Amino acid sequence: MVTIQFYPLDIGHETDESGKAVIQLFGRTVDGKNICVFDESYLPNFYVIPKNNKIEELKRRIDKIKKEDYKVVESKIVDRNYLREPVKAILVFADKPISIKSIVEEIKGFDETYLVKESDIPFDKKYLIDKEITPNILCYVEGEVLLERQDLDVDFVIKTKEVKQIYTEEFSEPKVLAFDIEVYAPKGRYPHENKDPIIMIGFASNDGFRKVLTWKKYGNAEDYVEFVDDEKKLMWEFKNTINKYNPDYIVGYFSDGFDFPYIKTRAKKYQINLKFNNHSLRINKRGNISTAKLKGISHIDIFKFIKNIMGGSLKLEDYSLGNVAKELLGKEKHDVDLNRIGVVWDNGSKDIGKYCAYNLQDAILALELCMKLLPSLDELVKLVNLPLYDVCRLSYSKIVEKHLMKRAKEMSEIIPNRPEQGVISTRMTHTYEGAFVFKPEAGLYENISVFDFQSLYPSIVVAHNICVTTLSDKNEGHESPEIILESGEKIRRHFSPKKEGFIPAVLREIITRRIRVKEMLKIDRDNKVLQARSYALKTVANATYGYFGFFGARWYCRECSESITAWGRSYILKVIESAKDQGFKVIYSDTDSIFIALENKTKEEALNFLEKFNQSLPSLMELDVEGFYPKGIFVSKKSESSGAKKKYALVDEKDRIKVVGFETIRRDWSYLAKEVQRKVLNIILKEGDTEKAYDYVREIIENIKDKKVDINNMIIQTQLKKSIESYQVEGPHVFVAKKMIEQGIDVDVGSVIRYVVAEGKGRVRDRAEIPEEAKTYDADYYINNQIVPSVERIFDVLGYKKEELISGKKQKTLGEF
DNA sequence: ACATACCGGGG
DNA sequence: GTGTACGGTATGT
């Protein structure tokens with residue numbers, strides 16, 4: 001018997017041939033050793049709530065369930081709450097995870113069964129909930145050393161009957177290793193994992209380790225460069241480097257979707273089994289989304305977290321590493337021409353060194369992004385009780401749900417089920433009156449102040465006790481403002497004040513904790529942990545409203561959503577009215593934010609208004625400054641039927657452009673179209689010269705007409721997502737791909753097909769040509785389908801019609817412009 | 001009008 | 001892994 005203290009970092013389970021599962025907790029001991037703990041005490045389980053008083057009878061029937069390949073091991077009658085009402089439930093333990101489905105099915109057939117709950121939570125996740133174990137927090141374990149499990153390649157393997165989390169100490173000094181790969185690509189073609197080798201892999205760790213592995217020797221290589229013989233050796237060294245460095249976290253940027261899947265494919269080619277801590281690299285593919293998991297090492301794809309969670313508040317133009325690093329770290333990628341990577345590699349010149357430096361820099365940026373966001377991730381781990389691996393891939397709704405699940409357990413609440421597909425469909429078809437949107441008057445504005453309620457919805461939920469558990473037929477105290485239903489009927493919703501609802505209770509705790517954290521931050525302004533804690537609490541609180549109306553939610557409540565927005569509208573309208581009263585020009589408002597054009601007023605006056613207004617609000621509510629923007633353009637969306645949606649671009653005081661709701665720059669647009677949109681926004685927002693922007697577009701259009709624009713700028717790229725034969729609808733890229741195959745050019749699933757639209761009539765695909773063969777392009781197509789659509793709505797705002805852009809004849813009706 | 005296919009991130 | 005994104009846009013039928 002040994003006792004040991006360790007930080008659980010990752011969880012998994014191992015099943016034997018019969019399907020019996022044992023939980024495995026991977027982690028670090030206090031003195032930095034790798035450990036794997038097998039918790040043999042845990043059995044898959046779920047609740048059955050009886051329909052009537054025949055609970056004993058139901059229990060007896062459940063206990064008898066025993067078939068060849070599944071059985072009930074044990075059951076207990078327990079006191080719990082379900083949606084805040086006390087219930088007697090039967091807690092059923094199954095022999096193995098895969099038995100759950102069959103047992104549940106059998107029990108559902110019993111007359112006495114009313115509800116089956118918590119049978120839809122993954123085994124590992126349910127373990128953490130049931131045992132109330134928070135990853136990254138110190139645990140104590142008493143057990144036996146399993147000597148025969150040398151294969152796990154950790155320092156200790158412990159078999160135990162109990163893992164206790166009796167401490168609060170956090171795992172605070174992880175070894176973090178970031179990596180990035182560079183891939184060979186012939187000129188003008190995007191690399192393909194079946195054809196193009198990995199030529200270099202860069203590593204960067206938080207304790208200063210730097211290395212670039214590559215397999216073509218060149219002179220005067222930097223110290224960090226290490227040469228290997230070939231791609232196969234590169235794969236081996238990749239694996240060795242990771243195993244030798246032995247990181248707690250391995251980090252990449254889009255490594256779920258690119259680096260790891262690519263590595264896996266290349267390794268397979270050489271029949272190398274990539275094992276880390278003796279566990280193979282697993283790539284899970286769901287549709288287009290892949291995730292890469294290394295059992296025992298937490299793989300953080302920092303891109304996922306930035307895109308899913310951080311992105312919302314950052315308002316980034318796009319999520320490319322270069323852009324994100326610039327915004328978050330103030331650092332740049334190295335400037336190399338990736339289109340030449342294949343050429344340089346083939347030449348074998350010392351220019352390869354530039355690519356090595358580029359490679360290393362990308363790994364460093366991924367590392368630094370991770371280190372910067374790690375405090376926030378750590379705080380979220382504690383709120384949702386999931387390992388870092390899961391936390392960095394969560395969506396907003398999942399953050400809320402997992403936090404609710406954790407709190408449910410602590411409050412003896414049985415967790416509701418995930419909705420079935422049919423229920424989801426029904427939920428999706430029902431709409432309700434959403435947030436108040438003050439339609440922006442499309443236009444160009446100067447000196448814009450943006451204020452928003454940081455905790456409008458959460459505080460409404462708490463203040464009015466809004467919850468699926470408090471929804472009531474009669475007015476007992478909390479009556480919502482008027483709500484207009486789909487049918488047109490006007491009603492008010494009621495929430496009982498008698499008992500605090502489950503979600504209001506959870507939220508109240510979150511909000512009061514955040515207030516305490518903010519108090520502490522006033523004294524200790526630069527405390528990164530407190531900042532991260534405040535951020536994590538804010539994230540959970542703010543996402544809760546959306547959760548009520550999210551069709552996949554366990555605690556779904558449409559009536560709650562309706563009521564929250566109804567109350568929300570009444571508050572934001574108050575802000576709008578009072579801003580107008582004070583003589584401010586309100587240009588836009590959506591949900592919980594308000595955009596004010598300062599016009600002849602000063603920033604100070606706006607801040608005074610804010611301060612005054614805040615004094616009139618209930619204590620938990622606060623209108624905050626989101627930002628000041630010297631210039632902004634508001635554009636109306638094409639389909640105005642469903643209300644004006646957000647679509648605007650702002651330039652902030654640091655001359656950075658924030659674009660919201662515009663078509664993002666995509667690969668299937670020509671380079672020219674992307675460039676034109678970007679440049680037009682820049683001229684308008686940074687230079688404030690609409691005439692210049694108009695002239696710029698006119699010049700481009702004339703150049704296109706005169707065929708002065710290089711054909712390379714006209715290339716449209718589209719990827720083949722499936723095999724050529726399986727296309728029902730053949731787009732231009734499929735047609736071109738066929739032409740390429742005829743010419744013996746190697747084209748496969750995943751190939752990015754480049755084409756140019758040539759002159760002529762009829763379908764686009766009939767005119768699509770391989771760029772190298774195309775002599776000229778269809779000017780009208782590019783003007784009408786690429787250039788004009790990319791800027792049309794921007795110019796619409798400025799009072800130019802689409803026709804003017806094309807013809808050059810101004811019909812500008814001077815009005816407000 | 002409706003259906004189908006692609007974008008993102010990554011080289 | 002006790003699962004299967006999403007919202008928007010272009011092209012073809």
Side-chain angles (χ1 to χ4, degrees), chain A residues 12-13 15 21 44-46 94 96-104 118-126 180-186 189-193 196-200 252-262 282 284-291 293 301-304 306-308 318-324 336-342 345 355 358-359 362 366 393 395 397-398 417-418 421 552 637-639 645 661-669 716-722 726-735 752-753 762-766 768 785-786 789:
Chain A
H13 64 266
T15 45
N45 65 84
F46 59 93
K96 46 193 191 243
I98 48 166
S99 305
I100 297 275
K101 213 176 160 191
S102 314
I103 296 172
V104 165
E118 301 195 9
S119 66
D120 59 356
I121 305 167
F123 186 57
D124 303 346
K125 308 287 152 58
K126 193 153 194 315
D180 179 52
I181 67 170
E182 304 303 324
V183 171
Y184 179 88
R189 179 166 71 71
Y190 198 77
H192 191 285
E193 57 190 19
D196 306 307
I198 298 171
I199 53 179
M200 46 189 75
Y253 198 84
F254 199 52
S255 38
D256 262 352
F258 184 76
D259 302 66
F260 271 130
Y262 210 109
R282 290 186 72 98
N284 288 314
K285 266 210 152 178
R286 261 187 278 160
N288 280 334
I289 312 293
S290 56
T291 46
K293 180 138 175 111
D301 184 347
I302 200 65
F303 159 75
K304 285 247 164 100
I306 292 167
K307 191 178 174 212
N308 295 344
D318 62 76
Y319 296 104
S320 57
L321 177 59
N323 191 40
V324 170
V336 297
D337 184 1
L338 280 174
N339 289 315
R340 285 180 38 80
I341 195 167
W345 183 257
Y355 288 89
Y358 167 87
N359 182 216
D362 276 8
R393 289 169 180 77
S395 60
S397 58
K398 279 275 180 287
N417 292 340
R418 295 180 53 146
Q421 194 50 51
K637 276 211 171 171
K638 227 184 214 166
S639 54
K645 290 235 178 83
F662 276 83
E663 303 84 359
T664 33
I665 296 153
R666 294 159 45 133
R667 179 167 67 190
D668 59 351
W669 284 38
I716 298 168
Q717 298 188 76
T718 313
Q719 193 179 23
L720 282 175
K721 303 292 271 190
K722 47 187 184 179
S726 53
Y727 277 92
Q728 295 179 54
V729 176
E730 296 183 333
H733 68 301
V734 181
F735 246 60
V752 176
I753 307 297
R763 291 179 298 207
V764 178
R765 69 171 185 209
D766 295 328
N785 295 49
Q786 296 268 318

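Quick note on labels: first sequence line is chain A, next is B, and so on, each numbered from 1. Quantities reported herein were computed from a predicted structural model and do not represent experimental measurements.
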Trainee: Consider the side chain of T718(A), meaning its heavy atoms from C-beta on, and name the nucleotide among dT13(C), dG10(B), dC7(B) that approaches it most closely.
Mentor: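 From the listed options, dC7(B) comes nearest.
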Trainee: Round to the nearest Å and state the distance from F735(A) atom CZ to dT13(C) atom P.
Mentor: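 One finds 8 Å between P of dT13(C) and CZ of F735(A), rounded.
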Trainee: Would a 4.5 Å heavy-atom cut-off, applied to side chains only, mark I302(A) and Y253(A) as touching?
Mentor: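 I302(A) reaches Y253(A) side chain to side chain.
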Trainee: Would you say D196(A)'s side chain and A185(A)'s backbone share a donor-acceptor pair under 3.5 angstrom?
Mentor: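 Here the side-chain-to-backbone pair does not exist.
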Trainee: Test H733(A) against every option in V752(A), I753(A), I716(A) by the side-chain contact (heavy atoms from CB on, under 4.5 Å) rule and name the one that passes.
Mentor: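 The passing option is I753(A).
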Trainee: Do side-chain atoms of D301(A) reach the backbone of D256(A) as a donor and acceptor pair under 3.5 angstrom?
Mentor: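 Between the backbone of D256(A) and the side chain of D301(A) there is a qualifying donor-acceptor contact (under 3.5 Å).
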Trainee: Considering only the C1' atoms, how many Å lie between dG8(B) and dA5(C), rounded to the nearest integer?
Mentor: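 Result for the C1' pair: 12 Å, nearest Å.
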Trainee: P191(A) side chain: which of dG11(B), dG12(C), dA5(C) is closest?
Mentor: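 Of all the options, the side chain of P191(A) is nearest to dG11(B).
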Trainee: Using a heavy-atom cut-off of under 4.0 Å over every strand shown, decide if Y727(A) touches base, sugar-phosphate, or nothing.
Mentor: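 Sugar-phosphate: the residue Y727(A), judged by heavy atoms under 4.0 Å, touches backbone atoms but no base.
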Trainee: Under 4.0 angstrom, heavy atoms only, what part of the nucleic acid is K722(A) near: base, sugar-phosphate, or nothing?
Mentor: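 If one applies the 4.0 Å heavy-atom cut-off, K722(A) turns out to touch the sugar-phosphate alone, with no base involved.
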Trainee: May I ask you to say what D766(A) touches in the nucleic acid, namely base, sugar-phosphate or nothing, with a heavy-atom cut-off under 4.0 Å?
Mentor: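 The residue D766(A) makes no contact with any strand.
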Trainee: For a quick check of understanding: with a heavy-atom distance under 4.0 Å over all strands, which category does P122(A) fall into, base, sugar-phosphate or nothing?
Mentor: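 Here P122(A) touches the backbone only, sparing every base.
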Trainee: OP1 or OP2 of dG9(B) less than 4.0 angstrom from a side-chain nitrogen or oxygen of R393(A), does that happen here?
Mentor: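 It does not, given that no N or O in the side chain of R393(A) lies less than 4.0 Å from OP1 or OP2 of dG9(B).
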Trainee: Within the structure shown, what part of the strands sits under 4.0 Å from K101(A) by heavy-atom distance: base, sugar-phosphate, or nothing?
Mentor: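 It contacts nothing in the nucleic acid.
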Trainee: Whole Å only: how far is the CZ atom of F303(A) from the P atom of dG10(B)?
Mentor: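 After rounding, the reported distance stands at 7 Å.
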Trainee: Would you say dC7(B) has OP1 or OP2 under 4.0 Å from some side-chain N or O of K721(A)?
Mentor: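 Answer is yes, contact under 4.0 Å.
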Trainee: For I181(A), answer base if it contacts any base atom (sugar-phosphate contacts may also be present), sugar-phosphate if it contacts only those atoms, and nothing otherwise; contact means non-hydrogen atoms under 4.0 Å.
Mentor: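 The answer is sugar-phosphate, as I181(A) gets under 4.0 Å only of primed atoms, P, OP1 or OP2.
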Trainee: Would you indicate what N785(A) reaches in the nucleic acid, counting non-hydrogen atoms under 4.0 angstrom: base, sugar-phosphate, or nothing?
Mentor: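 Sugar-phosphate contact only - N785(A) comes under 4.0 Å of backbone atoms but never of a base.
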Trainee: Could you state the atom-to-atom distance from CG of N284(A) to P of dT4(C) in whole Å?
Mentor: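 Distance check: N284(A) CG to dT4(C) P gives 14 Å.
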Trainee: Starting at CG of D259(A) and ending at C1' of dG9(B), how long is that distance when rounded to a whole Å?
Mentor: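 The distance from CG of D259(A) to C1' of dG9(B) comes to 10 Å, rounded to the nearest Å.
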Trainee: So P732(A), base contact, sugar-phosphate only, or nothing? Heavy-atom distance under 4.0 Å.
Mentor: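 The residue P732(A) makes sugar-phosphate contact but no base contact.
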Trainee: Taking the side chain of I289(A) as its heavy atoms from C-beta onward, which of dT13(C), dT4(C), dA5(C) lies nearest to it?
Mentor: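 Comparing dT13(C), dT4(C), dA5(C) against the side chain of I289(A), the answer is dA5(C).
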Trainee: For a quick test of reading the model: is some side-chain N or O of R765(A) closer than 4.0 Å to OP1 or OP2 of dT13(C)?
Mentor: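 Answer is yes, contact under 4.0 Å.
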Trainee: Is there a side-chain polar atom (N or O) of R282(A) under 4.0 Å from OP1 or OP2 of dG1(C)?
Mentor: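 Checking dG1(C) against R282(A), no side-chain N or O comes under 4.0 Å of OP1 or OP2.
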Trainee: Between Q719(A) and Y727(A), what is the shortest heavy-atom contact and its length?
Mentor: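 Here Q719(A) and Y727(A) meet closest at O-OH, 4.4 Å.
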Trainee: Please tell me which of the listed nucleotides, dG12(C), dC7(B), dG10(B), lies nearest to the side chain of Q719(A)?
Mentor: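 Among the listed nucleotides, the one closest to the side chain of Q719(A) is dC7(B).
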Trainee: So, is H733(A) close to the dC6(B) phosphate, meaning a side-chain N or O under 4.0 Å from OP1 or OP2?
Mentor: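 For dC6(B), OP1 or OP2 has a side-chain N or O of H733(A) closer than 4.0 Å.
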Trainee: Nearest whole Å is fine: how far is dG11(B) P from Y355(A) OH?
Mentor: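 Checked: the OH to P distance equals 12 Å.
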Trainee: Would you indicate which nucleotide in dT13(C), dT4(C), dG11(B) comes nearest to any side-chain atom of R418(A)?
Mentor: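 My answer, after comparing the listed nucleotides, is dT4(C).
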Trainee: When the distance from NZ of K304(A) to P of dG8(B) is rounded to whole Å, what number comes out?
Mentor: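 Going from K304(A) (NZ) to dG8(B) (P), I get 15 Å.
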Trainee: Can you tell me how the ring of F258(A) sits relative to the ring of Y262(A), calling it parallel under 30°, perpendicular over 60° and tilted otherwise?
Mentor: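 Plane angle between 30° and 60°, so tilted.
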Trainee: Write down the distance separating the P atoms in dG11(B) and dG7(C), rounded off to the nearest Å.
Mentor: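 Per the computed distance, 28 Å lies between those P atoms.
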Trainee: Starting at atom CD1 of I753(A), determine the distance to atom C1' of dA5(B), rounded to an integer number of angstrom.
Mentor: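 My rounded result for the distance is 14 Å.
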Trainee: Tell me what F123(A) touches on the nucleic acid: a base, only sugar-phosphate, or nothing, going by heavy atoms under 4.0 Å.
Mentor: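 Here F123(A) touches the bases of the nucleic acid.
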Trainee: Take atom CG of N323(A) and atom P of dG9(B), then tell me their distance rounded to the nearest Å.
Mentor: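 Rounded to whole Å, this separation is 9 Å.
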Trainee: So Y253(A), base contact, sugar-phosphate only, or nothing? Heavy-atom distance under 4.0 Å.
Mentor: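 Result for Y253(A) = sugar-phosphate.
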Trainee: Does atom NZ of K722(A) have more than 12 heavy-atom neighbours, drawn from other residues, nucleotides or ligands, at distances under 6.0 Å?
Mentor: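 Result for NZ/K722(A): enclosed.
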Trainee: With a 4.0 Å cut-off on heavy atoms, is D256(A) in touch with a base, just the backbone sugar-phosphate, or nothing at all?
Mentor: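 Since no nucleic acid heavy atom lies under 4.0 Å of D256(A), the category is nothing.
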Trainee: Among dG9(B), dG11(B), dT13(C), find the nucleotide with the atom closest to the side chain of I341(A).
Mentor: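 The listed nucleotide nearest to I341(A)'s side chain is dG11(B).
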